[in-house]
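Single-structure report; data block below.
Bear in mind the structure is a predicted one, so any value in this text is a computation, not a measurement. Whatever order the structure lists ligands and atoms in, that order sets their numbers, starting from 1.
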Amino acid sequence: MRLDYLTIFPEFFDVLGISLLGKAVDNGIVDIHAHDLRTWTHDRHRTVDDTPCGGGAGMVMKPDPWGEAFDDLLGADPDPSVHVVIPTPSGTPFRQDDAAQLSHADRIVFCCGRYEGIDHRVIDYASEHWSVHELSLGDYVLNGGEVAALAMTEAIVRLVPGVLGNPESLSEESYSQDQEGLLEYPVYTRPASWRGWDVPEVLMSGHHGHIAQWRREQSRELTRRRRPDLLTDE
Ligand SMILES: NC(=S)c1ccno1
């Protein structure tokens, strides 16, 4: 999997060289390239923004640098196997299913907007050539798409075979299919008693059936309380 990041702050993506993602890069499972969008400017000030047509506060990212970056990185031929991800508060919610689908992609290009956003013609042009995903991490506004791109990258790449040491751990996570899309149950480790709080007895029983039942019940109760929207049968 090749990941490209178009941004005016490429240093944001230096962190992708550490921990599990760093190992995935070292192992050749993932190939990461961060690009300074100003590379594709031609004026003395390396300008990437301009005032919004129709007025309004703030600045809008000019289309030209994006178009020239696409030309260099992707060429002009349409290829629906290339996924262009634009983190934006106006996007559709980024969910575990999106991470799962994108984890099968061979190529993902993250376009990290700043200011009031990217000239919409960039998205229109990209949509004519590649598979475009305008995705939001949540109902809040960040200063740019970089932090969201990092979060989405981790959610996606950790699902790529060979990245996680123990793929079994994926099956019991929140939102996973094995968890029926529910929130993950509470987890415990030693000591059995800590500052007056004990590990639930069932988890110390060694009775796998009872433990599995308790965990299912905990997941449903937690989901009912915190995310009733995830309960499909209620
Ligand atoms: N909520 C998201 S993804 C975002 C991107 C930029 N600002 O907010």
(message) For atom 3 (S) of ligand 1, what is the closest protein heavy atom, and at what distance to 0.1 Å?
(response) L137 N, 3.1 Å

(request) Determine whether the side chains of T88 and E134 contain a donor N or O and an acceptor N or O closer than 3.5 Å. (result) no

(message) Just so I know, are the side chains of L6 and F70 near enough to count as touching, which here means a heavy-atom distance under 4.5 Å?
(response) yes

(message) Check this for me: does any side-chain nitrogen of one of D119 and R121 sit under 4.0 Å from a carboxylate oxygen of the other?
(response) yes

(message) If I apply the N/O under 3.5 Å rule, does N143 come out as touching ligand 1?
(response) no

(request) Please indicate whether any nitrogen or oxygen in L142 is less than 3.5 Å from any nitrogen or oxygen in ligand 1. (result) yes

(request) Would you indicate which of S90, G144, G138, C112 comes nearest to atom 6 (C) of ligand 1 when only heavy atoms are counted? (result) G144

(request) Before signing off on this row, confirm whether G145 and ligand 1 have an N or O atom pair separated by under 3.5 Å. (result) no

(request) Answer yes if the side chains of D72 and W40 hold a donor-acceptor pair under 3.5 Å, and no otherwise. (result) yes

(request) Check A148 against ligand 1 and report side chain, backbone, both or neither, counting heavy atoms closer than 4.0 Å. (result) side chain

(request) Answer yes or no: is there an ion pair linking R220 with E217, defined by an N-O contact shorter than 4.0 Å? (result) no

(request) Could you find the nearest protein heavy atom to atom 5 (C) of ligand 1 and give me its residue, atom name and distance? (result) P89 CD, 3.6 Å

(request) Looking only at protein heavy atoms, identify the closest one to atom 1 (N) of ligand 1 and say how far it is in Å. (result) Y140 O, 3.0 Å

(request) Please examine the side chains of Q218 and P186, heavy atoms only from C-beta on, and report whether any two atoms are closer than 4.5 Å. (result) yes

